[in-house]
Amino acid sequence: MAKVFVITGPSGVGKGTLIRILRERVPNLELSVSATTRPPREGERDGRDYHFLAREEFARRADANDFLEHAAYSGQRYGTLRSEVERRLAAGRSVVLEIEVQGARQVRAAMPEAVLVFIAPPDPAALRARLEGRGTDTPRAISERLRTAELELEAQQEFKYVVCNDELERAAEELERIVRDELDP
Ligand code: 5GP
């Protein structure tokens with residue numbers, strides 16, 4: 001049966017990398033492309049990495065109830081369009097969402113059958129190192145993301161599954177096992 005998998009956790013924890021590996025190993029998992037008001041980073045493409053929307057357009061679609069969930073994060077808005085999820089489920093395909101914690105809570109409320117996985121860092125210093133190493137955020141944005149991360153880390157006990165990204169291959173295997181077990185119990 002097709003399922004919705006929500007991968008959440010603080011920015012810089014490695015959600016994107018783990019999902020990339022997961023999708024290489026578990027076929028037929030499709031990634032929901034989120035909408036955001038933040039500007040594209042170098043190399044990001046509209047419709048592939050995000051649907052990049054102007055603030056007015058995002059607000060219009062939120063008012064139209066087009067979002068399964070949406071949240072404000074670091075001064076920008078991010079959201080999962082219902083259409084991204086629904087058309088895939090209708091076609092019998094499982095969907096992966098990579099979203100922050102407020103959005104994950106909204107998905108849990110709207111779709112109690114969704115499988116939620118929290119990716120946790122081995123320690124807070126690992127987040128700073130990753131965000132700095134990635135080189136995509138200004139020092140101020142990094143500080144803001146780290147402050148948000150502290151709140152997000154407190155939320156981890158709310159989630160059914162917690163995977164600690166202490167070592168990439170180990171964490172990838174744990175995530176793969178969770179997804180395979182949920183798809184084929
Ligand atoms: P970034 O700006 O680094 O691409 O994303 C910032 C944060 O927003 C990350 O934690 C990312 O997982 C989250 N995010 C991305 N798309 C969505 C979405 O559709 N909804 C929510 N709630 N968060 C999202």
Side-chain angles (χ1 to χ4, degrees), residues 4-23 30-55 57-59 61-62 64-88 95-111 114-121 124 126-156 158-159 162-163 165 171 175:
V4 173
F5 293 93
V6 176
I7 312 299
T8 190
S11 179
V13 80
K15 300 190 289 287
T17 306
L18 285 169
I19 290 173
R20 186 174 47 70
I21 298 172
L22 174 70
R23 292 183 59 232
E30 297 196 1
L31 193 60
S32 162
V33 179
S34 293
T36 184
T37 59
R38 91 151 161 70
R41 293 181 184 137
E42 210 177 305
E44 284 183 334
R45 224 172 50 212
D46 187 39
R48 181 193 66 184
D49 300 290
Y50 278 107
H51 301 290
F52 293 101
L53 302 185
R55 287 189 168 269
E57 177 67 2
F58 195 108
R61 300 202 67 168
N65 198 26
D66 283 355
F67 289 109
L68 172 61
E69 60 76 32
H70 61 90
Y73 179 91
S74 267
Q76 302 290 347
R77 300 183 78 181
Y78 294 80
T80 305
L81 291 161
R82 291 183 193 281
S83 55
E84 286 283 323
V85 175
E86 284 170 2
R87 67 187 159 91
R88 293 185 169 100
V95 194
V96 180
L97 272 54
E98 181 201 326
I99 63 179
E100 51 70 76
V101 168
Q102 304 167 71
R105 290 186 178 122
Q106 293 171 40
V107 176
R108 187 176 49 205
M111 296 184 122
V115 179
L116 280 81
V117 184
F118 186 97
I119 310 295
L127 286 183
R128 177 180 292 279
R130 276 188 61 100
L131 286 172
E132 285 174 353
R134 192 159 77 174
T136 49
D137 300 289
T138 62
R140 194 167 141 211
I142 290 175
S143 302
E144 209 170 295
R145 281 169 184 247
L146 288 172
R147 259 200 315 278
T148 305
E150 284 176 31
L151 298 175
E152 290 181 317
L153 287 175
E154 290 170 13
Q156 64 181 279
E158 295 171 27
F159 296 95
V162 177
V163 172
N165 192 9
L175 181 61

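Remember, it's 1-based here, ligands and their atoms both numbered in the order they're listed.
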Q | Minimum heavy-atom distance V101-G9, with the two atoms named | A | CG2-N, 4.4 Å
Q. Which pair of non-hydrogen atoms, one from V107 and one from A114, has the smallest distance, and what is that distance?
A. CG1-CB, 4.0 Å
Q) Is H70 close to ligand 1, meaning an N/O of one under 3.5 Å from an N/O of the other? A) no
(Q) Are any of the N/O atoms on G79, whether in the backbone or the side chain, positioned under 3.5 angstrom from an N/O atom of ligand 1? (A) yes
Mind checking the [atom1]-[atom2] spacing from [X] to [Y]? Nearest 0.5 Å is all I need.
X: F118; Y: K15; atom1: CZ; atom2: NZ; value: 8.5 Å
X: E158; Y: R108; atom1: CD; atom2: CZ; value: 5.0 Å
X: S11; Y: E100; atom1: OG; atom2: CD; value: 10.0 Å

Tell me, which protein residue and heavy-atom name are nearest [atom], and how many Å apart are they?
atom: atom 20 (N) of ligand 1; value: E69 OE2, 2.7 Å
atom: atom 13 (C) of ligand 1; value: E100 N, 3.7 Å
atom: atom 5 (O) of ligand 1; value: Y50 OH, 3.4 Å
atom: atom 17 (C) of ligand 1; value: S34 OG, 3.4 Å

By number and element, which atoms of ligand 1 are closer than 4.0 Å to a non-hydrogen atom of [X]?
X: R38; result: 1 (P), 2 (O), 4 (O)
X: K15; result: 9 (C), 10 (O), 12 (O)
X: A71; result: 22 (N)
X: G103; result: 22 (N)
X: R145; result: 1 (P), 2 (O), 3 (O), 6 (C)
X: R41; result: 1 (P), 2 (O), 3 (O), 4 (O)

(Q) Between ligand 1 and Q102, can you find any atom pair, the residue atom being a heavy atom, that is separated by under 4.0 Å? (A) no
(Q) Between ligand 1 and Q106, can you find any atom pair, the residue atom being a heavy atom, that is separated by under 4.0 Å? (A) no
Q: Report yes if the side chains of V33 and H51 come closer than 4.5 Å at any heavy-atom pair, otherwise no.
A: yes
Q: Could you check if a side-chain atom of L81 sits within less than 4.5 angstrom of a side-chain atom of F67, using non-hydrogen atoms only?
A: yes
Q.
Does either side chain, that of R134 or that of T136, offer a donor lying less than 3.5 Å from an acceptor on the other one?
A. yes
Okay, side chain of [X], backbone of [Y]: is any donor-acceptor separation there less than 3.5 Å?
X: R77; Y: T36; value: no
X: E44; Y: R41; value: yes
X: R88; Y: E84; value: yes

Q: Look at atom 21 (C) of ligand 1 and find which of I19, I7, I99 reaches it with the closest heavy atom.
A: I99
Q. Which part of Y73 is near ligand 1, with near meaning a heavy atom under 4.0 Å away: side chain, backbone, both or neither?
A. side chain
Q) Under 4.0 Å from ligand 1, counting heavy atoms only, is it the side chain of E84, its backbone, both or neither? A) neither
